[in-house]
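These notes concern the structure reproduced below.
Note on naming: letters A, B, ... go to the chains in the order of the sequence lines (proteins, then strands), and numbering restarts at 1 for each one.
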There are 2 protein chains.
Amino acid sequence: MVKKRVTLADVARLAGLSSTAASMILTGRPDTRLSAEAHERVHAAAAQLGYRPNIAARALRTDKTRTIAFISDYVATTRFASGLIRGALDAAEKANHVMLVLETGGEPAREVQAIEAALDRQVDGIVFAAMRSREIFVPDVPANTQVVMLNGTSAKYRNSVLADEFAGGRAAVEALLARGMGQQIALIGHNELAERGLFRSETVEKRFAGIRHAMEEHKLAFVAEESCWEWEPHHGYELVRKLLKQGPKFTALLCLNDRLAFGAYQALAEAGLRIPTDVAVMGFDNDELASYLRPGLTTVALPHEEMGRKAVSLMMGDDEPREHLIDMPLVVRGSI
Amino acid sequence: MVKKRVTLADVARLAGLSSTAASMILTGRPDTRLSAEAHERVHAAAAQLGYRPNIAARALRTDKTRTIAFISDYVATTRFASGLIRGALDAAEKANHVMLVLETGGEPAREVQAIEAALDRQVDGIVFAAMRSREIFVPDVPANTQVVMLNGTSAKYRNSVLADEFAGGRAAVEALLARGMGQQIALIGHNELAERGLFRSETVEKRFAGIRHAMEEHKLAFVAEESCWEWEPHHGYELVRKLLKQGPKFTALLCLNDRLAFGAYQALAEAGLRIPTDVAVMGFDNDELASYLRPGLTTVALPHEEMGRKAVSLMMGDDEPREHLIDMPLVVRGSI
DNA sequence: TCCTCTTGCTAAATGGTTTTAGCAGTTGCA
DNA sequence: TGCAACTGCTAAAACCATTTAGCAAGAGGA
């Protein structure tokens with residue numbers, strides 16, 4: 001409990017060598033000319049004393065901390081953030097790094113603070129994660145600090161990781177059509193303003209673009225479209241009730257996320273419609289909810305964990321610096 | 001981009017003073033005798049150069065890093081972890097600290113690694129968070145490193161933060177009875193083995209003890225009890241189907257968590273029973289799900305954010321070191 | 001023999017901050 | 001006048017690891 005830290009000097013003393021020698025041996029320098037016996041003695045001494053290098057002291061010389069920062073606008077408001085974090089954490093651990101997590105709430109003042117706090121601690125790199133994809137503004141950082149955008153892009157930094165929303169949108173439509181029951185598809189959740197870029201959200205834009213592209217390829221049009229600003233279950237519930245009351249008949253329902261689909265299930269059940277017999281339902285995100293529903297909701301997954309992992313491995317220089325798109329896998333359950 | 005770090009020496013030079021003076025002034029030492037003019041000059045110089053102290057260098061002398069570690073078994077497997085993290089993050093930010101997040105998966109080897117990684121970086125304190133409450137084993141840490149247990153306890157460290165599960169259990173029963181409809185209560189999710197401590201989970205034990213206590217106070221017994229190992233929606237679904245098929249009639253259903261309640265809703269709906277008219281339903285945790293259901297699920301909330309916040313503020317020494325119980329608020333929605 | 005290379009190692013500088021010890025110069029008091 | 005106390009400041013050590021420059025001894029070659 002009270003024992004003092006073991007320093008490199010202690011190890012060197014016990015091994016009967018200089019700390020220079022101990023340092024070189026323990027850091028595994030390649031071209032040193034120290035004897036095999038010296039190596040052995042130093043390693044033995046280090047093991048015996050339980051030596052652990054003081055990272056702050058090392059950072060002072062080397063400017064490397066084996067620490068990265070994960071700065072996001074919201075950590076838990078959206079349940080997805082934790083997937084990103086977990087993936088990032090996993091990759092960081094594999095690369096023998098630790099991760100500082102910072103939350104900004106999207107407020108510029110806190111963003112600046114978070115970045116400064118990270119730089120003060122000389123992190124080796126920063127992952128900027130946005131819960132809603134958008135252009136992220138990032139202040140200058142020192143040249144030797146890596147920057148990766150996660151679920152967002154930046155004009156200044158080319159390293160970024162995004163979900164392949166366009167392909168995902170197409171996949172959803174293809175999945176509905178492949179079951180041979182998707183001739184009369186209704187869509188809920190699309191927001192025209194978003195598409196026009198007034199309320200900028202690249203995610204939604206690209207997802208929808210993919211959907212539209214697939215529909216056009218098949219020379220199809222939606223039999224109905226209902227849009228809304230937010231995509232919570234009760235919105236889905238209300239939109240579907242509206243569709244059922246006044247809209248045309250539909251045999252498939254494409255929901256722009258799983259939460260909308262959740263509400264849709266409730267409205268369909270109330271109306272006595274069976275899934276997938278009467279209506280096939282399809283969502284996006286692979287929210288935890290999707291597996292709870294009866295029947296299970298077929299959905300196009302947002303691969304958050306994979307994205308987090310990729311962002312960190314990109315930071316470690318495992319791949320070329322550019323925009324990386326991560327596949328959105330189709331998760332097939334009973335709803336189509 | 002390429003600009004070098006501004007050091008204390010730079011500030012001192014610009015102010016025309018020694019770095020000793022600059023250090024004392026910027027760290028706000030109380031009993032220094034430096035002139036008002038010196039103060040002014042140093043602050044002006046620091047502001048002009050945009051000086052930020054190098055935390056690694058400072059840590060070398062002071063052993064304080066304004067960094068804490070949050071070590072948990074699972075970050076995102078349970079959706080609750082993010083609540084704990086968010087609360088902790090919030091409190092840390094308020095106290096001008098940053099947080100290192102580490103995940104161990106409950107594996108002892110990774111636990112040791114995580115602790116060492118944290119100590120190598122000279123964190124000021126460590127929060128050990130367990131997703132399933134239990135006795136946590138914690139290796140020795142240096143005397144000046146604070147330790148707080150979050151959602152778990154440890155023989156060695158007295159600082160801990162737990163949800164007040166006993167009171168929560170009572171509150172659930174009281175809430176059912178208060179509505180005057182809870183005379184025939186069925187319970188799902190309790191596990192006898194857990195209660196006997198074979199599969200040690202203090203959370204479940206205390207929650208159930210509170211429930212039992214309240215029942216006894218009112219001289220009531222459950223009309224049926226169905227237990228199971230895991231508490232996922234489909235378990236709730238199956239247990240309730242079983243109850244409906246072979247069990248006695250019940251007018252209230254107490255589910256040991258919200259996910260079970262979710263499954264219960266599905267089973268009740270299939271059987272044509274209405275909530276709350278035919279059966280009142282009550283859950284625990286205040287899972288995101290609870291608000292999505294129709295009618296909304298009344299539940300006893302696990303105050304994760306509050307717990308995370310408390311753990312960090314306890315670490316900062318804002319309260320006496322002991323076991324702290326956090327209230328579990330009753331969240332009333334339409335299901336009772 | 002002298003010179004150069006190689007081998008195996010170390011002294012000392014370095015990074016940026018805090019902190020201890022102490023130095024001039026002035027004031028206060030007897 | 002003599003001495004203590006105060007005022008306003010600084011030099012240098014300390015924290016711990018990395019890295020540069022270089023030393024001493026032995027080997028090899030001419």
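- You'll find the side chain of B:T67 stays beyond 4.5 Å of the side chain of B:I55, heavy atoms only.
- For the pair A:L162/A:E323, a side-chain contact is recorded, criterion being any heavy-atom separation below 4.5 Å from C-beta on.
- Side-chain atoms of B:Q122 and B:D63 include a donor-acceptor pair closer than 3.5 Å.
- Using a 4.0 Å cut-off between charged side-chain N and carboxylate O, B:D90 and B:K94 make a salt bridge.
- Note: CZ (B:R33) to P (C:dG22) measures 14 Å, nearest angstrom.
- Using a cut-off of 4.0 Å between Lys/Arg side-chain N and Asp/Glu carboxylate O, B:E37 and B:R41 are scored as salt-bridged.
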Going 5' to 3' through nucleotides 12-19 of chain D and flagging B where a protein heavy-atom sits under 4.0 Å of the base, S where only the sugar-phosphate is that close, and - otherwise, we get BBBBBBBB
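- Remark: the backbone N or O of A:D327 is not paired with any side-chain donor or acceptor of A:D164 at under 3.5 angstrom.
- Atom C1' of nucleotide D:dT10 and atom CD1 of B:I25 are separated by 13 Å, given to the nearest angstrom.
- Summarising the geometry, the separation between CG on B:D63 and C1' on C:dT17 is reported as 13 Å, rounded to the nearest angstrom.
- Rounded to an integer number of Å, the gap from B:Q122 CD to C:dT17 C1' is 13 Å.
- As rounded to whole Å, 15 Å separates atom C1' of C:dG15 from atom NZ of A:K64.
- Heavy-atom neighbours of A:E116 CD from other residues, nucleotides or ligands within 6.0 Å: above the threshold of 12.
- Pairing each heavy atom of B:A92 with each of B:V312, the nearest pair is N-CG1, 3.7 Å.
- Using a 4.0 Å cutoff on non-hydrogen atoms, no part of residues 34-47 of chain B comes near DNA chain C.
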